Amino acid sequence: MIDIKMLRRNPEKFKEAVRKRGYDESIIDELLKVDKEWRNLTSEIDKLRARRNEISRRVAAAKREKNNEEANTLIEEGKKIGDLIKELEDKRKELEEKEREILLRIPNPPHESVPVGEDETYNVEIRKWGKPREFDFNPKAHWDIGPDLNLMDIERAGKLSGSRFVILYDKLARLERALINFMLDLHTKEHGYKEVWVPHLVKRETMTWSGQLPKFEEEAYNTKKDDLFLIPTAEVPLVNLHAGEILSENDLPLKYVAYSPCYRREAGSYGKDVRGMIRNHQFDKVELVWYTKPERSYEDLETLVSHAEEVLKRLNLPYRVILLSTGDMGFTAAKTYDIEVWLPSYNNYKEISSCSNTEAFQARRSKTRFRRKNGNVENVHLLNGSGLAVGRTLVAIIENYQMPDGSIKVPDALVPYTGFEVIP
RNA sequence: GGAGGCGUAGCCUAAUUGGCUAAGGCGUCGGUCUUGAAAACCGAUGGGGUGAACGCCCCGUGUGGGUUCGAGUCCCACCGCCUCCGCCA
């Protein structure tokens, strides 16, 4: 959610921001109009309330002095004002709902360092690490390697759950679990994160605070009976952990890491990544979240990205870091780096992590604030990033570490976690 | 699922039968004092509207409604927590 006070002061800046992101800027004018009406009405109501407060003070005084006649006259006036207030408040409530509805649909303005462009062709490559392996045999895709080893079962997953699900057996299942533990250990022991185990079902409000709703309801799984949502990422519970709280400046930054399965309907992605386990309705992810101060949030974003990169370095998987353009960023982000890992089956790099600074966009919705030493209360800045998507890391290992005989070598860093060096 | 209890500010705790400005303590920040610190004392410490500014006004006792001239206090719904019963991995 954008800051309405900033918007009032500088509407042109916000129109430009909205335009850069490929949204229609008329939404800003619409919002300003409703806001103006709201403020006029609020002034009027406040004046009436002041009058009512005065009356009720005088009623109390009159009653104390046993002046019943005066009290009754005042009560009569109070009744009339009360009715009028109620009427105007109903009107104001309508405006408030309208204003909120518009506000929740305006994307986060991009940071000045973000390249402007309508789609991913305007993304900028920041750096590359490692070299894609040169195979002296014909490398296979993970959707062939896995089933050939009888360790990956897409057919039976389809029988149980439909398309975009997968079943893993034996050493591949074990590898998935090893990756989760490896990532959690790295971030907790070496990068200073606090491990969190989170609920996978959350309330509608929680999804709204973190920005998934109302705009992306189609993307989320919902349990109709209780109106709970399956989390599309652990970011949702993590960035709402301190909703409504005022943190102490000394507590910042707070760094959280959580493993969770992620559930996504992938409603708009028919025909995209249809083979294998690249784009599933359910996948594991280790998520990193920072609560930090505005003046250092961009510096911290760089650190967060480096933590995600470290996972790939330890696994010796080639990757590149991309800075997303204004048109390619998510709704809640002011700046996003994607990390892409090399996949032989795509003969290209494929997204494996997305790290964003949402500034105060989410914190404003969830009312997550901190108190500065001088007593001022401000919204925190929230950063989130995958560290990493576990399913895609598994795929990257299968494909990049495949051997001519169809087996898979386990990266050295993982051997302590798997207990074996080769699959099968 | 059933019965009961509770929810006050960053934290802890008050508030006759509904009535003047939600009292007090702790913490934090700033100031006075001090060589420095502690102590003591003074002030600040939720949100909004309006205004160039000093300021003025409104809202805020879990959330949303209701009763009333007036609600922390009374009523209803919801959310959360606790206790007991039932069910349960």
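To find a chain, count down the sequence lines: A is the first, B the second, and so on, and within it residues start at 1. Keep in mind that what you see is a predicted model, and the values were worked out from it rather than measured.
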Protein and nucleotides 44-46 of chain B: nitrogen or oxygen contacts under 3.5 angstrom:
unit_1, atom_1, unit_2, atom_2, d
B/U45, O2', A/Arg371, NH1, 2.1
B/G46, O2', A/Arg369, NH1, 3.4

Note to self: Could you tell me how far B/A22 sits from B/A15 if I compare only their C1' atoms? Round to whole Å.
What the structure shows: 7 Å

Checklist line | Atom-to-atom span, CG of A/Asn376 to C1' of B/U28 - whole angstrom | finding: 13 Å

Next item on the list: Tell me the partner of B/A3, counting only Watson-Crick (N1-N3 plus N6-O4 or O6-N4) or G-U wobble (N1-O2 and O6-N3) with both under 3.5 Å; none if nothing fits.
Entry: B/U83

Notebook entry, point to check: Touch check for A/Lys5, heavy atoms < 4.0 angstrom, all strands: base, sugar-phosphate only, or nothing?
Noted result: sugar-phosphate

Notebook entry, point to check: Mind checking who B/A39 pairs with, Watson-Crick or G-U wobble, both distances under 3.5 Å?
Noted result: none

Next item on the list: For B/G60 versus B/G72, give the span between their P atoms, rounded off to a whole number of Å.
Entry: 7 Å

Checklist line | A/Glu101 bridged to A/Lys98 by N-O distance under 4.0 Å | finding: no

Next item on the list: Among A/Leu151, A/Thr418, A/Ile145, find the one that has a side chain to side chain contact (heavy atoms under 4.5 Å, CB included) with A/Ile423.
Entry: A/Leu151

Note to self: I need the CZ-P distance between A/Arg372 and B/G30, as an integer number of Å.
What the structure shows: 14 Å

Next item on the list: Round to a whole Å and report the spacing from CZ of A/Arg39 to P of B/G48.
Entry: 13 Å

Check: Between A/Lys203 and A/Lys373, which is nearer to the 5' end of RNA chain B once each is assigned its nearest nucleotide?
Finding: A/Lys373

Next item on the list: Quote, to the nearest angstrom, the C1' distance that separates B/U32 from B/C69.
Entry: 47 Å

Next item on the list: Please state how far atom CG in A/Asp226 lies from atom P in B/C78, giving the value in whole angstrom units.
Entry: 14 Å

Notebook entry, point to check: Is it true that A/His307 and A/Tyr193 have ring centroids separated by less than 6.0 Å?
Noted result: yes

Next item on the list: Sequence neighbours left out, what passes side chain to side chain donor-acceptor pair (under 3.5 Å) with A/Asp153? Give chain and number order.
Entry: A/Arg156, A/Tyr169

Notebook entry, point to check: Do the numbers put A/Lys171 on top of the ring of A/Phe420, so that NZ or CZ is under 6.0 Å from the six-membered ring centre and no more than 45° off the axis?
Noted result: yes

Item checked: Identity of whatever pairs with B/C78 - Watson-Crick or G-U, under 3.5 angstrom -> B/G62

Check: When you check the gap from the basic side-chain N to the acidic O, do A/Asp148 and A/Lys140 get nearer than 4.0 Å?
Finding: yes

Check: When the P atoms of B/C74 and B/G86 are considered, how many whole Å apart are they?
Finding: 33 Å

Checklist line | Aromatic ring proximity A/His111/A/Tyr298, centre distance under 6.0 Å | finding: yes

Notebook entry, point to check: Does the ring center of A/Tyr221 lie less than 6.0 Å from the ring center of A/Phe229?
Noted result: no

Next item on the list: Can you tell me the distance, in whole Å, between the CD atom of A/Glu245 and the C1' atom of B/A9?
Entry: 15 Å

Note to self: For the C1' atoms, the ones on B/A23 and on B/U13, what distance do you get once it is rounded to whole angstrom?
What the structure shows: 11 Å

Next item on the list: Starting from P on B/U28, measure out to CD on A/Glu378 and report it in whole angstrom.
Entry: 21 Å

Notebook entry, point to check: Does the ring centre of A/His142 sit less than 6.0 Å away from the ring centre of A/Tyr346?
Noted result: no

Give each protein N/O atom lying under 3.5 Å from an N/O atom of nucleotides 58-68 of chain B, with the pair distance.
unit_1, atom_1, unit_2, atom_2, d
B/C58, OP1, A/Asn53, ND2, 3.2
B/C58, O2', A/Asp46, OD1, 2.8
B/C58, O2', A/Arg49, NH1, 3.3
B/C59, OP2, A/Asn53, ND2, 3.2
B/G65, OP1, A/Lys93, NZ, 3.1
B/U67, OP2, A/Lys86, NZ, 3.0

Notebook entry, point to check: Does CD belonging to A/Glu421 count more than 12 external heavy atoms closer than 6.0 Å?
Noted result: no

Note to self: Looking at B/U34, which nucleotide sits across from it as a Watson-Crick or G-U wobble partner, both distances under 3.5 angstrom, or is there none?
What the structure shows: none

Note to self: Are the side chains of A/Arg314 and A/Phe182 in contact, using a 4.5 Å heavy-atom criterion?
What the structure shows: yes

Check: For atom C1', what is the distance between B/C41 and B/G51, given to the nearest Å?
Finding: 35 Å

Next item on the list: Scan every strand shown for a Watson-Crick or G-U wobble partner of B/G51, both distances under 3.5 Å, and answer none if you come up empty.
Entry: none

Next item on the list: Could you measure between the two C1' atoms, the one in B/U67 and the one in B/U73, and give it in whole Å?
Entry: 13 Å

Notebook entry, point to check: So what's B/G19 paired with, Watson-Crick or G-U wobble, going by both distances under 3.5 Å?
Noted result: B/C69

Margin query: Return whichever of A/Val59 or A/Trp38 has its heavy-atom-nearest nucleotide of RNA chain B closer to the 5' end.
Written below: A/Trp38

Note to self: Rounded to whole Å, please give me the gap between CD1 in A/Ile4 and P in B/G47.
What the structure shows: 17 Å

Checklist line | Any strand: nucleotide that pairs with B/G10 via Watson-Crick or wobble, under 3.5 Å | finding: B/C26

Next item on the list: Rounded to whole angstrom, note down the P distance from B/A14 over to B/C6.
Entry: 13 Å

Check: Between B/G47 atom C1' and A/Arg364 atom CZ, what is the distance in whole Å?
Finding: 15 Å

